[in-house]
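Below you'll find the structure, written out as structure tokens, and then a few comments.
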Amino acid sequence: MAEMFQAPKGTRDILPPESDRWQALVAVFADVFGRAGYGLVQSPMFEDIGVFQRLGEGTEVVRKEMYDFFDKGDRHLALRPEGTAPVVRAFNQHRPTVPWKVWYLTPCFRYEEPQAGRFRQHHQVGAEAIGSADPDLDVEVIALQHDFYRALGLNSLTLRLNSMGSPGDRQAYGGQLAAWLGERLGQLDEADRANAAEHPLRVLDSKRERTMAAVADAPLITDGLSADAAAHFERVQAGLEALGVAYEIDPRLVRGLDYYTHSTWEFAAGALTSAQNAVGGGGRYDGLAESLGGKPAPGVGFGAGIERILLAADAEDALTETSGGVDVFVVDVTGGDAGRDLTFELRRNGISADRSFDARSMKAQMKVADRSGARLALLVGEDEVAAGTVTLRDLRSGEGQTSVSRSEVVAKLAAKLAEGGKL
RNA sequence: CGGGCCGUAGCUCAGUCAGGUUAGAGCGCCGGGUUGUGGUCCCGGAGGUCGGGGGUUCAAAUCCCCUCGGUCCGCCCA
């Protein structure tokens, strides 16, 4: 036998019935954002690697986790590690009218070691609003993301919010913090010392006890915001409060992407005990369009990981109702003609229907009908063909069968299903 | 990239520590009991290069080495 292949390391197949939950999740997302005026954006799965490199060399995802390759034309490309940069690139390229409000569903690729809730290919839904610096857009995006989780039935989420200030604020604070840390290197956990000069903000977010103690009284970025940045931050908080979105300010919240300015936030699932409990995060990125070669354009958005959301949903026992399966199952023991024709007659009249194949026995076909989850079975045998009828059986109650004229099947079934729908 | 645990039937696992007859169970699947009727029950059946390679041995699922994969932690993130 030939070598059998399996999905590459860190990737997985999503099969029914699990995929039913994906469909349901995406449908909720599309509904929440569609009703808020966000349109779907589909951009390529790969980009010139420069699109991602401009996210900043300090970004771990860019520095060492990129899935890059050269194509036959010697172009250096990379599979998208995150969702925002390609959308901003598309914005620069097409110059749509602003604010440009879009949502997306996309796989993301990162070359790292898989573990709980972490894959080499994972999937994100996300939204971006580009072309306006209005803090009310920060509020809108955060509140919609919050409403999306609520619509899924997730209740254990917490929202951490921070402000990175204006680009100038961030830079000044970074220098100040690096200097502060530099004087206390010996007090930090060894593993955090390397970051003190290059990525001082990361040190603040360390979970190592020694470091946490050492930085307890470190200067906080929120204490040194410029007047404009402070006003922006306050407006965002007021908006969230007005809309009933609970949050907590966390001046130590640092997110992996270096391009954030002003608002940054992260939703974490309290129900998840694993290390990877962030189910979505985002921020404002007022300098990103320009660093990607476009005209300056402020923007704000977030990405949310589908795999993580589903893990959180499992932990909370949410998103359990999915609508797989068909309403009607056709059982034909006359050789298959009736099964073929009747099944398509139903389908073409808007009734979901399936059948069995391989001319199996009635008993076998009934077992398949049962497993299919169909509410009703239509039985066709020699007697029915001779009489020009089909036998209708209710698989839920299992009681009684009725004979229906072949010509009235569609109408009767439609009525029967509508009746059942009320229950 | 550093570390722990685990790979036996489609799935969940026993058997591995103390190597030894045709490698087991439950669930699922297929068939029969009911020559046209599912979900319960009964009977039967199919299905495994014991992740892969190498080594030790008269003999390896079992011991040793390598490798691939899974899983979890650090790190990082969704």
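In what follows, every chain begins at residue 1, and chains take the letters A, B, ... in the order their sequences are listed.
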Report task. Establish whether the base of B/A78 is bridged to the side chain of A/Arg118 by a donor-acceptor pair shorter than 3.5 Å. Result -> no
Query raised in the report: Can the ring centroids of A/Phe302 and A/Phe33 be said to lie less than 6.0 angstrom from one another?
Result: yes
Query raised in the report: For the base of B/G36, is there a side-chain donor-acceptor partner from A/Glu384 under 3.5 Å away?
Result: yes
**Report entry** P atoms of B/G2 and B/A9, separation to the nearest Å
**Finding:** 30 Å
Query raised in the report: Rounded to the nearest 0.5 Å, how far apart are CD of A/Glu82 and CE of A/Met66?
Result: 10.0 Å
Query - Interatomic distance at P, B/G28 relative to B/U12, whole Å - result: 15 Å
Query raised in the report: Charged N to carboxylate O under 4.0 angstrom, A/Lys9 versus A/Glu113?
Result: yes
Query raised in the report: Are A/Gln115 and B/C72 close enough that a side-chain N or O sits under 4.0 Å from OP1 or OP2?
Result: no
Requested in this report: For the pair A/Asp286 and A/Arg284, find out whether any cationic side-chain nitrogen is under 4.0 Å from an anionic carboxylate oxygen.
Outcome: yes
Query - Atom pair distance, as rounded to whole Å: OH in A/Tyr111 and C1' in B/C75 - result: 17 Å
**Report entry** Whole-angstrom distance between B/C5 and B/G45, as gauged at atom P
**Finding:** 41 Å
Query raised in the report: If you draw a 6.0 Å radius around CD in A/Gln401, do more than 12 non-hydrogen atoms from other residues or ligands fall strictly inside?
Result: yes
Query raised in the report: So what does A/Gly83 touch, heavy atoms closer than 4.0 Å: a base, only the sugar-phosphate, or nothing?
Result: nothing
Query raised in the report: A/Glu82 near the nucleic acid: base, sugar-phosphate alone, or nothing, with a heavy-atom cut-off under 4.0 Å?
Result: nothing
Query raised in the report: Can a salt bridge be assigned to the pair A/Glu140 and A/Lys101 using a cut-off of 4.0 Å between side-chain N and carboxylate O?
Result: yes
Query - Proximity to the side chain of A/Pro114 - top-ranked nucleotide from B/U71, B/C30, B/A78 - result: B/U71
Requested in this report: Assign A/Gln365 to base, sugar-phosphate, or nothing according to its heavy-atom contacts below 4.0 angstrom with the strands shown.
Outcome: nothing
Report task. Summarise protein proximity over nucleotides 38-53 of chain B in one line of letters, 5' to 3': B for base, S for sugar-phosphate only, - for none, counting protein heavy atoms closer than 4.0 Å. Result -> BB--------------
**Report entry** Separation between the C1' atoms of B/C30 and B/G38, rounded to whole Å
**Finding:** 16 Å
Query raised in the report: Are any of A/Arg360's side-chain N or O atoms less than 4.0 Å away from OP1 or OP2 of B/C30?
Result: yes
Query raised in the report: Any chance OH of A/Tyr247 has more than 12 other-residue heavy atoms, nucleotides or ligands included, within less than 6.0 Å?
Result: yes
Query - Under-3.5 Å donor-acceptor pair between A/Gln401 side chain and B/U37 base - result: yes
